[in-house]
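For reference, the structure discussed in these notes is given below.
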Number of protein chains: 2
Amino acid sequence: MTPVLAPFPEMLPLAEKLAPLMGAGLAPVGWHHFPDGESLVTLDADVAGRDVALLCTLRDPDRHALPLRFAAETARDLGAVSVGLIAPYLGYMRQDRRFAPGQAVSAPLFAAFLEESFDWLVTADPHLHRIPSLDRLFTIPARRVVTAPLLAEWIAAHVDDPVLLGPDSESQQWVAGVAARVGCPYEVLRKHRSGDRSVEISVPDNPALRTGTPVILDDIASSGRTLVRAIERLSEAGASAPVCVVIHAVFAGQAHADILAAGAREIVTTDSIPHESNAIGLAPLLACAAQDAMTELTFQPLEAVNLNPNTGLKDCDQ
Amino acid sequence: MTPVLAPFPEMLPLAEKLAPLMGAGLAPVGWHHFPDGESLVTLDADVAGRDVALLCTLRDPDRHALPLRFAAETARDLGAVSVGLIAPYLGYMRQDRRFAPGQAVSAPLFAAFLEESFDWLVTADPHLHRIPSLDRLFTIPARRVVTAPLLAEWIAAHVDDPVLLGPDSESQQWVAGVAARVGCPYEVLRKHRSGDRSVEISVPDNPALRTGTPVILDDIASSGRTLVRAIERLSEAGASAPVCVVIHAVFAGQAHADILAAGAREIVTTDSIPHESNAIGLAPLLACAAQDAMTELTFQPLEAVNLNPNTGLKDCDQ
């Protein structure tokens, strides 16, 4: 039977692209907010006997967690045979251990919370610091969409003489991969963080930065401090106004305006989180990954498969 | 070993009264908010081998659910032998069935969510519309603190010639019970609700309302519309300015100011939700109920016990 794609309200624009690619019917989740902070979640659709994929991005995960649980359980209650989650931005992937006594280790706890409700998961480039793979966190089929080829495609098509800049030393391999696809030079910034909003950056001395167009890559822009400082240092070093290419448009508070005010030529993001800066569409990759995850669910246990090195996915029709 | 009471930040004032009554150590939960809407929860205390009681009131439950889960799992991770929840206000107790197609039935779903993290639960007068008892929702030991005796005690001590008014026909038995304890007359208002914030009220014609002091009782004041309309109708009927006695100070937005502006003489609440109107302290009853729930946990299975008809609890030392 046709699967059902059930987006949370803010995800409707992405869902309208995603549903036809998944061959799925579209059934928006209703989310009514009561004055006292409670939610009424509604999934008014015929899901009996169908596979259901909820689409909910997990920026602001605390606010979404319980309504997401309610939507998943309601789909099951209404007869869905499986319920998966497409969360283009996953959230809570930073705290993978206890950095100070008594801290909640939220990455595995959040994963466990999701596993209680969902049969499979698809996300795009999660912010996994020390956890090399989603399989370390999830026992359900979990698929990671790799955005590097899309970022490279956008940069190659829109930026003259790009010079890529990774946000920190940890990003070196990722930025090198994007640069290789674009066929351009790259560097990484040195980053010193102190607290949530305070960060210092130093820019490497590369002559290409003074002749080409700097393109700062980052997987997440949250407070925006990293990008603001990097733009300021590039300006001091005599570089031209940089383009910022960010996977996840988290943008807390005034972050987006702050980055533009600091002198960014342009800020470009994927549509993993709805934002005016979205320019790189993930729908084809998400559809492919969802199909893959649903298939694994149907045909467990899995035989060994070869993953496409560009997408992290098994090759599949889009 | 001494149990540990771990309050969420806003509950520290109640916890300071509650901990000595429980014979418990106090270990405040840290709750840091990241700019992107994620939480860092910390329980920096020696809980190994101890019973832990988290204290968190569940107004705004969506925002609290995940941090609460994180705190509970961290307590277990740090070696707590049991983890209970004292939620003086429980939240999500209204939607106990599907009123329209596709609605999430949040009351049992929220109960199931809490049961995954907690070994026992204590709350004060939950807003159970059609569910007669917490035991219908919870399989863990769940204790309901009955506030009627405390409301009656406050009214008897502070109001001359009180005439109690219940908010709707469903409240009749509850209001009659409070009135019997005070030794005063009572009536119930007739309520017609249309939507979250719109409600119409009619006041019964009782001569006592024109000579005595009307005392409007309600278990929850959320939008405040019920109380505002009731105050307006009482004024039109020639009654003097009413006192409002409310169990749970939910007060969405400007509700509290609206009720005062409508002409309430005074608004009094229990401390189940921290608010400037709190005047009736629940600490002794909550301590008693927590001790009872922890005891049930230790000595399962339970023999049949006689509950105190005033408190809904087994009699215990305070």
Side-chain angles (χ1 to χ4, degrees), chain A residues 27 29-30 32-45 47 58-67 69-75 77-78 89 91-92 94-95 98-106 108-110 112-113 116 196-197 220 222-225 248 250-253 255, chain B residues 27 29-30 32-45 47 58-67 69-75 77-78 89 91-92 94-95 98-106 108-110 112-113 116 196-197 220 222-225 248 250-253 255:
Chain A
V29 172
H32 174 78
H33 304 271
F34 289 109
D36 59 1
E38 296 187 7
S39 293
L40 172 58
V41 169
T42 307
L43 180 60
D44 187 12
V47 299
L58 289 167
R59 185 198 191 285
D60 218 348
D62 292 1
R63 204 172 62 84
H64 285 84
L66 211 50
R69 159 73 55 101
F70 290 170
E73 296 300 330
T74 301
D77 196 32
L78 298 174
Y89 176 68
Y92 275 123
R94 286 177 296 207
Q95 181 106 24
R98 193 162 282 141
F99 303 105
Q103 287 184 342
V105 186
S106 51
L109 291 174
F110 190 55
F113 169 78
E116 287 163 5
D196 292 352
R197 290 182 176 275
I220 299 180
S222 179
S223 72
R225 291 298 102 187
H248 301 296
V250 172
F251 293 137
Chain B
V29 172
H32 175 78
H33 304 270
F34 289 109
D36 59 2
E38 297 188 5
S39 293
L40 171 57
V41 170
T42 307
L43 180 59
D44 187 12
V47 299
L58 289 167
R59 185 197 191 285
D60 219 347
D62 292 1
R63 204 172 64 83
H64 285 84
L66 211 50
R69 160 73 55 103
F70 291 169
E73 296 302 329
T74 301
D77 197 32
L78 298 173
Y89 176 67
Y92 275 123
R94 286 177 295 205
Q95 183 105 24
R98 193 162 282 141
F99 302 106
Q103 288 184 341
V105 186
S106 51
L109 291 174
F110 189 56
F113 168 79
E116 286 162 6
D196 291 354
R197 291 182 175 275
I220 298 179
S222 179
S223 72
R225 290 300 101 185
H248 301 296
V250 171
F251 293 135

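Bear in mind the structure is a predicted one, so any value in this text is a computation, not a measurement. To find a chain, count down the sequence lines: A is the first, B the second, and so on, and within it residues start at 1.
For A:Arg59 (side chain) and A:Phe251 (main-chain N/O), a donor-acceptor pair under 3.5 Å exists by modelled atom type.
Counting heavy atoms from C-beta on, the side chains of B:Thr74 and A:Leu109 come closer than 4.5 Å.
With a 4.5 angstrom heavy-atom cutoff, A:Gln95 touches chain B only via side-chain atoms. Only the side chain of A:Tyr89 comes within contact range of chain B, judged by heavy atoms closer than 4.5 Å. With a threshold of 4.5 angstrom between heavy atoms, B:Ser222 approaches chain A through side-chain atoms but not through N, CA, C or O. With a threshold of 4.5 angstrom between heavy atoms, A:Val41 approaches chain B through its backbone and through its side chain. Proximity to chain B involves both the backbone and the side chain of A:Leu43, based on heavy atoms less than 4.5 angstrom apart. Within the 4.5 angstrom heavy-atom criterion, only backbone atoms of B:Arg63 (N, CA, C, O) approach chain A. At a 4.5 Å heavy-atom cutoff, the contact between A:Phe110 and chain B is made by backbone and side-chain atoms alike.
Relative orientation of the B:Tyr92 and A:Phe70 rings is perpendicular, given thresholds of 30° and 60° on the angle between their planes. A:His32 and A:Phe34 have perpendicular rings, their planes meeting at more than 60° on a 0 to 90° scale where under 30° would count as parallel.
Interface check for chain A: of the options B:Asp44, B:Asp77, B:Leu78, B:Asp62, the most heavy-atom pairs under 4.5 Å are formed by B:Asp62. Looking only at heavy-atom pairs under 4.5 Å with chain A, the residue among B:Asp36, B:Asp60, B:Leu40 that has the most is B:Asp36. Annotation: maximal heavy-atom pairing with chain B below 4.5 Å, among A:Ser39, A:Ala71, A:Ala65, A:Ala27, occurs at A:Ser39. With chain B as the partner, the residue from A:Glu73, A:Arg94, A:His64 showing the most heavy-atom pairs under 4.5 Å is A:Arg94.
Here CD of A:Glu116 is found 5.0 Å from CZ of A:Arg69. Values are rounded to the nearest 0.5 Å.
When all heavy atoms are compared, the tightest approach of B:Glu38 to A:Gly91 is OE2-CA, 3.3 Å.
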